[in-house]
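The figures that follow rest on heavy atoms only: side chains count, while hydrogens, waters and symmetry mates do not. Letters go in sequence order (proteins before strands), and every chain restarts at 1.
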Amino acid sequence: MPGRYFIVAPEEGANLYPADFDDAPIAAAYARPRYNISPQQTAPVLRLIEGEFIESGMRWGFAPRWMKDPRQAQINARSETVFEKRMFQHAAKAQRCLVPVSGWYEWQPVDGGKQAWAIHMPGFAAFALAGLWTVGNDREGGPEENFLTLTAEPSEQLRPIHHRMPVILDADGCRTWLDPDADRQALQALLRPWPGELSLRAVSSYVNSIRHQGPECLEPDGS
DNA sequence: CCAGACGTTGTT
DNA sequence: GTCTGG
DNA sequence: CCAGACGTTGTT
DNA sequence: GTCTGG
């Protein structure tokens, strides 16, 4: 995963972004709460363009311009092979980005159904997922930027919930991931399960429907 | 050389 | 069951 | 990721 | 666009 995530204001401004990064683009990304971001939605992305740290809205679903069939858009790429796969190698070299989040959702298969979980940092600290962006086609065939997130093996903590997890970047990780001159080895070293503890919250199936966009998505499961 | 593919997750 | 839409 | 649709002929 | 398969 993830196939669904959320953005909320962090408690007491806590975040894992580099302290020396310009705060304005980050603040812009977290300005509006988003409780249920799904594939195809437009969501904020952070990147370096000509040395400038900027925030942009992009569609979630990576589909380069040559890809005529939009059904082939990818929301995730496996971090283990992202530098080798034809579809991703150019972006992995030159179009890396940060996907600002507060956490993501997972659905754990359980007897008779699925348990939804919200996974986040303690205190809902803001953090970044490793992402790639590209330019694809909008509905009229014009250029439109889109993005994906990278996945890794799960941490020990998350293994019971799911067999993949998104790549989480700490402050140094953000710096390196956005560094246009970073070498592949340094980049690949960032693509690992998150070594820290995360907070897990069981939430209700309210979050399942993307028609539900309110804060109820994050409320603890009553059952 | 040209043609055709290019991907993940989850489930079985 | 499988694909599309969000 | 999950939810929801999945189709045609003919008539307006 | 770029790589793989034939």
Exercise. Take atom NZ of A/Lys68 and atom C1' of B/dG7, then tell me their distance rounded to the nearest Å.
Key: 18 Å
Practice problem: Using atom CH2 of A/Trp60 as one end and atom P of B/dT8 as the other, report the distance to the nearest whole Å. | Solution: 15 Å
Quiz prompt | Between D/dC2 (P) and A/Gln41 (CD): distance, integer Å | solution = 15 Å
Quiz item: Taking the P atom of each, how far is B/dT9 from D/dC2, in whole Å?
Solution: 14 Å
Self-check item: Length of the CZ-C1' vector between A/Phe83 and B/dC6, whole Å
Solution: 18 Å
Quiz item: Where does the chain A footprint on DNA chain E start and end, counting 5' to 3' with a 4.0 Å heavy-atom cut-off?
Solution: E/dG1 to E/dT4
Quiz prompt | Base-pairing assignment for B/dC1 (Watson-Crick or G-U wobble, both under 3.5 Å) | solution = E/dG6
Quiz item: If you measure from the Lys or Arg side-chain nitrogens to the Asp or Glu carboxylate oxygens, is any gap between A/Arg201 and A/Asp221 under 4.0 Å?
Solution: no
Practice problem: Using a strict cut-off of less than 4.0 Å between a Lys/Arg side-chain nitrogen and an Asp/Glu carboxylate oxygen, indicate whether A/Glu106 and A/Arg164 qualify as a salt bridge. | Solution: no
Quiz item: Got a sec: does the CZ of A/Arg184 have more than 12 other heavy atoms crowding it under 6.0 Å?
Solution: yes
Self-check item: Flag, side chain of A/Trp177 to backbone of A/Cys97, donor-acceptor distance under 3.5 Å
Solution: yes
Practice problem: Give one of base, sugar-phosphate or nothing for A/Gln74, where a contact means two heavy atoms less than 4.0 Å apart. | Solution: base
Quiz item: How far does the P atom of D/dT8 sit from the matching atom of B/dC6, given to the nearest Å?
Solution: 29 Å
Quiz item: What does A/Ala73 touch in the nucleic acid at a heavy-atom separation under 4.0 angstrom: a base, only the sugar-phosphate, or nothing?
Solution: nothing
Quiz prompt | A/Pro195 backbone acceptor or donor facing A/Ser155 side chain under 3.5 Å | solution = no
Quiz prompt | Residues within residues 88-114 of chain A bordering DNA chain D, heavy-atom distance below 4.0 Å | solution = A/Trp107, A/Lys114
Quiz item: Starting at CG of A/Asn76 and ending at P of B/dT8, how long is that distance when rounded to a whole Å?
Solution: 9 Å
Quiz prompt | Nearest-Å distance for atom pair CG/P, residues A/Asn208 and D/dA3 | solution = 4 Å
Practice problem: Kindly compute the distance separating CD (A/Gln115) from CD (A/Gln108), expressed to the nearest 0.5 Å. | Solution: 7.0 Å
Exercise. Report yes if at least one side-chain N or O of A/Arg211 is closer than 4.0 Å to OP1 or OP2 of D/dG4; otherwise report no.
Key: yes
Exercise. Over 60° means perpendicular and under 30° means parallel, so classify the ring planes of A/Phe124 and A/His120, tilted if in between.
Key: parallel
Exercise. Look up atom CG in A/Leu150 and atom CD1 in A/Ile168, then write down how far apart they are to the nearest 0.5 Å.
Key: 12.0 Å
Quiz item: Using a cut-off of 4.0 Å on non-hydrogen atoms, how would the nucleic acid contact of A/Ser205 be classed: base, sugar-phosphate, or nothing?
Solution: nothing
Practice problem: May I have the distance from A/Met165 (atom CE) to B/dT9 (atom P), rounded to whole angstrom? | Solution: 13 Å
Quiz prompt | P spacing across the pair D/dA3 / B/dT11, given as an integer number of angstrom | solution = 13 Å
Quiz item: At under 4.0 Å between heavy atoms, what does A/Arg78 touch on the DNA or RNA strands: base, sugar-phosphate, or nothing?
Solution: sugar-phosphate
Self-check item: Parallel, tilted or perpendicular: ring planes of A/His212 versus A/Tyr206, cut at 30 and 60 degrees
Solution: parallel
Self-check item: Partner nucleotide, any strand, of D/dG7 [Watson-Crick/G-U, under 3.5 Å]
Solution: none
Quiz item: A/Phe62 vs A/Phe88 aromatic rings, parallel, tilted or perpendicular, using cut-offs 30° and 60°?
Solution: perpendicular
Quiz prompt | Atom-to-atom span, OH of A/Tyr206 to P of D/dC2 - whole angstrom | solution = 18 Å
Exercise. Please work out if A/Arg65 contacts a base, only the sugar-phosphate, or nothing of the nucleic acid, heavy-atom cut-off 4.0 Å.
Key: nothing
